[in-house]
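Everything on this sheet refers to the single structure shown next.
Heavy-atom basis, side chains included; hydrogens, waters and symmetry copies ignored.
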Amino acid sequence: MSVEKKIKAASGWGMLGVILIAFIAIVAVFVLSIIGFVNADEAGVAASPLSGWGLGLSITAFCLIWIPVSGFFTLQPGQARVCILFGDYKGTVRDEGFRWANPFYSRSMGSNSATEDAVASAVGKSGLSLSKSIETAAKAASGLSTKVSVRARTLNGDILKVNDKMGNPIEIANVVVWHVADTAKALFDVDNYEQFVATQAETALRHVASIYAYDHAEDSSDSMDSITLRSNIEEVSTALKHELTQRLAPAGVAIDDARLTHLAYAPEIAQAMLRRQQAEAVIAARKKIVEGAVTMVEMAVDELGQHGKIELDEERKAQMASNLMVVLCGESEAHPIVNAGSLY
């Protein structure tokens, strides 16, 4: 496993001043050498060897001065540059601004199989023109840049159809906020870290969705305290973040946050699940109504018996309780019949 090493790059302004001074000196030597040749020709004498050496050195130096010029680079806040010298990792520069480093440091990681396959597939399906296809293939050949953004990025996952713990097909999607924490691992330990993050985000979401049920079910052996996808958003998000952290650690990627953005039953079972939820709601409401009615009947019977003004035997108490339960638990309005005669 690669480990990031932080190095410092020299300020580009100081090196720019040195190169400008060297450039002026080269031009001056070149001009003086030409003047020496012209004066010798006008005087009809042989030119001084210094003029020849000066002309040759100035031309050589003018050709070589462009090598250190290629060592200039700039880093924006939130960027880092991985320095690779002939395949050897030297370190990572994280200091933003105008910088200068070894001009032989690579500026690209080169092409990789994953990028080439992805671009070839995209070109084959998109029906691009020849010029566009060549341009896309050239971008693929250039490979990943050694400049890496360490800013926070957002990955909006596609809606996936998976099976939850109970085997019910559901639709689920997530959003992942991530950033590159170790540039060496991101570039050297995986083929393409951006594609790696997208693939692992989908894999982790499928795994988390399969270990939790969508919702509580009365016919399930799980208790009502078990974690579900719909009722325990925070717990599911924590589990998803933990899963992604473990999967993306080899790529040097840190997870800032992970949340579900879409959760629903699959269309083929959505209507059946809706009817089940409606039935559960009706059962819960009936249960609440019955509990309240029983409490009211008990209170009425106790109040009548405590004052002693009305004495009721067990049969009459049972009849009164039955009548009150019918009135209190009925869905339609009750229409009582008044008995003007005897109770029997």
Side-chain angles (χ1 to χ4, degrees), residues 1 150-182 185-186 189-190 193-292 294-295:
M1 300 294 291
V150 294
R151 305 184 185 102
R153 310 189 199 185
T154 301
L155 173 65
N156 289 311
D158 297 330
I159 297 178
L160 308 176
K161 181 183 287 187
V162 298
N163 292 333
D164 66 353
K165 183 179 179 180
M166 306 301 297
N168 298 319
I170 62 174
E171 292 181 345
I172 192 170
N174 65 340
V175 58
V176 180
V177 181
W178 62 279
H179 72 274
V180 176
D182 192 309
K185 291 181 179 179
D189 292 349
V190 294
Y193 66 92
E194 293 181 349
Q195 294 180 0
F196 186 78
V197 170
T199 302
Q200 293 301 323
E202 178 179 340
T203 304
L205 180 61
R206 290 182 180 275
H207 179 259
V208 170
S210 65
I211 61 178
Y212 296 116
Y214 179 91
D215 202 355
H216 297 291
E218 290 188 354
D219 56 348
S220 174
S221 59
D222 297 338
S223 65
M224 295 301 292
D225 295 332
S226 61
I227 298 177
T228 61
L229 297 173
R230 187 179 69 88
S231 303
N232 304 94
I233 300 298
E234 294 297 329
E235 290 79 358
V236 173
S237 299
T238 302
L240 179 60
K241 182 179 179 180
H242 179 71
E243 182 79 12
L244 285 170
T245 300
Q246 289 184 331
R247 289 177 177 271
L248 296 177
V253 173
I255 302 300
D256 298 326
D257 194 15
R259 297 278 174 175
L260 298 182
T261 57
H262 177 82
L263 182 63
Y265 282 113
E268 56 266 25
I269 66 166
Q271 293 297 326
M273 291 302 175
L274 179 59
R275 288 195 295 269
R276 194 199 74 176
Q277 292 176 355
Q278 292 174 344
E280 291 177 353
V282 171
I283 292 172
R286 288 288 185 183
K287 183 178 179 181
K288 195 69 176 179
I289 292 173
V290 170
E291 291 177 354
V294 170
T295 303

Rounded distance (nearest 0.5 Å) linking atom CG of Leu160 with atom CG of Leu205 = 5.5 Å
Under the side chain to side chain donor-acceptor pair (under 3.5 Å) test, which residues partner Gln246, sequence neighbours left out?
-> His242
Nearest non-hydrogen partners of Ala249 and Lys185, listed with the distance = O-CD, 4.0 Å
After noting the C-alpha distance and the side-chain angles of Trp178 and Thr154, does the key distance pass the side chain to side chain contact (heavy atoms under 4.5 Å, CB included) rule?
-> CA-CA 6 Å; Trp178 62 279; Thr154 301; over 6 Å; no
Could you state the interatomic distance from NZ (Lys241) to CD1 (Ile255), rounded to the nearest 0.5 Å?
-> 8.5 Å
Distance in Å, Asp257 CG paired with Asn174 CG, rounded so as to fall on 0.5 Å steps = 10.5 Å
For Asn232 and Glu235, indicate whether the former's side chain and the latter's backbone hold a donor-acceptor pair under 3.5 Å.
-> no
Excluding sequence neighbours, so at least two apart, what forms side chain to side chain donor-acceptor pair (under 3.5 Å) with Thr261?
-> none
When rounded to the nearest 0.5 angstrom, what distance separates OG1 in Thr228 from CD1 in Ile233?
-> 8.0 Å
Enter the distance from Thr245:OG1 to Leu240:CG here, rounded to the nearest 0.5 Å.
-> 9.0 Å
His179 versus Asp256: any side-chain heavy-atom pair under 4.5 Å?
-> yes
All pairs passing salt bridge (charged side-chain N to carboxylate O under 4.0 Å, His left out) where residues 193-204 contributes a residue, at least two apart | Arg153-Glu194, Glu202-Arg206
So, the side chain of Asp164 versus the backbone of Tyr212: is there a donor-acceptor pair under 3.5 Å, distance only?
-> no
Note: Ala201 and Leu244 closest approach over all heavy atoms is CA-CD2, 3.5 Å
Do Leu248 and Tyr193 come within less than 4.5 Å of each other through their side chains, counting heavy atoms only?
-> no
Might you point out which heavy atoms bring Ala213 and Lys165 nearest each other, and give the distance in Å?
-> N-CB, 3.6 Å
Quick one: side chain to side chain donor-acceptor pair (under 3.5 Å) partners of Arg151, sequence neighbours excluded?
-> none
Can you find a pair of side-chain heavy atoms, one from Val236 and one from Leu260, that are under 4.5 Å apart?
-> yes
With side chains defined as the heavy atoms from C-beta onward, is the minimum distance between Val162 and Ser210 less than 4.5 Å?
-> no
Euclidean distance, Tyr214 OH relative to Ile170 CD1, rounded to 0.5 Å | 8.0 Å
What residues, two or more places apart in sequence or in another chain, satisfy side chain to side chain donor-acceptor pair (under 3.5 Å) together with Asn163?
-> none
What residues form a side-chain contact (heavy atoms from CB on, under 4.5 Å) with Ile159, not counting sequence neighbours?
-> Glu171, Ala173, His262
Is there a side-chain contact between Phe196 and Val190, using heavy atoms and a 4.5 Å cut-off?
-> yes
